**Q** 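Pasting a structure here, questions to come.
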Amino acid sequence: QVQLVESGGGLVQAGGSLRLSCAASGIVFSINAMGWYRQAPGKQREMVARISSGGSTIYADSVKGRFTISRDNAKNTVYLQMTSLKPEDTAVYYCNVVFTYYWGQGTQVIVSS
């Protein structure tokens, strides 16, 4: 079965950095677009970044210039490098196989001011 396992979340001060990882199994990773989403308390889940099978990327306006999505097809892993973190980035971050119902369990990111 498909499994997406996120890691790398934690507590960080504003201005700090974190790198999230999502290890995928049960899919042909290299041919799938992958995405990172987040959900803050009381808010809807929102797209943060996506990367196509060919490496093209798109970002939410709120994270452009601060977050970078990348993938390593040899490791079946997608990453989200987050820099200049702000308190409003606090959320549970989820990995997704784009255009599917496959989601990870989420990893919590808390940015303190």
Side-chain angles (χ1 to χ4, degrees):
Q1 71 276 22
V2 177
Q3 280 194 313
L4 301 172
V5 180
E6 300 102 332
S7 61
L11 174 63
V12 64
Q13 287 189 329
S17 299
L18 283 173
R19 188 176 83 152
L20 306 183
S21 300
C22 171
S25 60
I27 60 171
V28 182
F29 181 80
S30 61
I31 66 171
N32 280 281
M34 300 295 296
W36 283 99
Y37 291 72
R38 67 186 181 187
Q39 187 165 18
K43 294 189 176 181
Q44 288 191 331
R45 191 173 296 189
E46 62 176 357
M47 191 274 290
V48 175
R50 286 182 181 175
I51 185 165
S52 72
S53 58
S56 298
T57 58
I58 59 172
Y59 297 93
D61 288 344
S62 59
V63 306
K64 279 181 183 175
R66 301 188 298 121
F67 291 12
T68 303
I69 189 170
S70 62
R71 63 190 299 155
D72 185 337
N73 290 339
K75 295 182 178 180
N76 286 2
T77 301
V78 61
Y79 303 98
L80 186 68
Q81 179 69 49
M82 306 186 294
T83 63
S84 302
L85 283 161
K86 305 175 181 179
E88 51 264 44
D89 295 318
T90 294
V92 178
Y93 284 70
Y94 298 91
C95 175
N96 168 251
V97 182
V98 175
F99 304 129
T100 77
Y101 293 105
Y102 299 131
W103 293 88
Q105 82 288 351
T107 185
Q108 177 76 58
V109 172
I110 299 173
V111 184
S112 63
S113 56

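Along the sequence shown, residues are numbered consecutively beginning with 1. Computed from a predicted structure; not experimentally measured.
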**Q** Is the shortest side-chain heavy-atom distance between Val28 and Ser30 below 4.5 Å?
**A** yes
**Q** CG of Asp89 to OG of Ser84: how many Å apart, nearest 0.5 Å?
**A** 9.5 Å
**Q** Looking at Tyr79, is Arg71 sitting on its ring face, NZ or CZ under 6.0 Å from the six-membered ring centre and within 45 degrees of the normal?
**A** no
**Q** Apply side chain to side chain contact (heavy atoms under 4.5 Å, CB included) to Gln108 and Thr90, showing your working.
**A** CA-CA 8 Å; Gln108 177 76 58; Thr90 294; 4.3 Å; yes
**Q** Would you call Asp61-Lys64 a salt bridge at under 4.0 Å N-O?
**A** yes
**Q** Check for me, please, whether Met47 and Val92 land in the same ILVMFWY cluster - side-chain distances under 4.5 Å, paths through other members count.
**A** yes
**Q** Check the pair Val109, Leu20 against side chain to side chain contact (heavy atoms under 4.5 Å, CB included), reporting the backbone distance first and the verdict last.
**A** CA-CA 9 Å; Val109 172; Leu20 306 183; 4.1 Å; yes
**Q** When the ring planes of Tyr94 and Trp103 are compared, do they come out parallel, tilted or perpendicular, using 30° and 60° as the limits?
**A** perpendicular
**Q** OG1 of Thr83 to CZ of Phe67: how many Å apart, nearest 0.5 Å?
**A** 7.5 Å
**Q** With heavy-atom distances below 4.5 Å as the criterion, would you say the side chains of Met34 and Cys95 are in contact?
**A** yes
**Q** Cluster question for you: counting only ILVMFWY and a side-chain heavy-atom cut-off of under 4.5 Å, with indirect links fine, are Ile27 and Val78 together?
**A** yes
**Q** Below 4.5 Å, heavy atoms only, C-beta onward: do Tyr101 and Val2 meet side chain to side chain?
**A** no
**Q** Can you tell me if Tyr93 and Arg38 form a side-chain donor-acceptor pair at under 3.5 Å?
**A** yes
**Q** May I ask you to establish whether Arg50 and Phe99 are in a cation-pi arrangement, using a distance under 6.0 Å from NZ or CZ to the six-membered ring centre and at most 45° from the ring axis?
**A** yes
**Q** What's the separation between atom CG in Leu85 and atom OG in Ser112, rounded to the nearest 0.5 Å?
**A** 10.0 Å
**Q** Which heavy atom of Gly9 sits nearest to which heavy atom of Thr107, and what is that distance?
**A** N-OG1, 3.1 Å
**Q** Can you confirm whether Met82 sits close enough to Thr68 that some side-chain heavy atom of one is under 4.5 Å from a side-chain heavy atom of the other?
**A** no
**Q** Quick check: closest heavy atoms across Tyr102 and Leu4, and the distance to 0.1 Å?
**A** O-CD1, 3.5 Å
**Q** Got a donor-acceptor contact below 3.5 angstrom from the Gln39 side chain to the Gln44 backbone?
**A** no
**Q** Could you check whether any side-chain heavy atom of Val12 comes within less than 4.5 Å of a side-chain heavy atom of Ile110, counting everything from C-beta outward?
**A** no
**Q** Looking at Val98, is its backbone amide N or carbonyl O close enough to the side chain of Thr100 to form a donor-acceptor pair, meaning the two atoms are under 3.5 Å apart?
**A** no
**Q** Where do Ser113 and Pro87 come nearest, in terms of heavy atoms and distance?
**A** CB-CG, 3.8 Å
**Q** Can you see which heavy atom on Val48 is nearest to which on Tyr37, and at what distance?
**A** CG2-C, 3.9 Å
**Q** Is there a path of hydrophobic side-chain contacts, each under 4.5 Å between heavy atoms of I, L, V, M, F, W or Y residues, that connects Ile51 with Leu18?
**A** yes
**Q** Rounded at 0.5 Å granularity, tell me how far CD1 in Ile31 sits from OG in Ser53.
**A** 8.0 Å
**Q** Measuring from Ser25:OG to Gln3:CD, what's the distance to the nearest 0.5 Å?
**A** 4.5 Å
**Q** Kindly check if the number of other-residue, nucleotide or ligand heavy atoms within 6.0 Å of OH (Tyr59) is above 12?
**A** yes
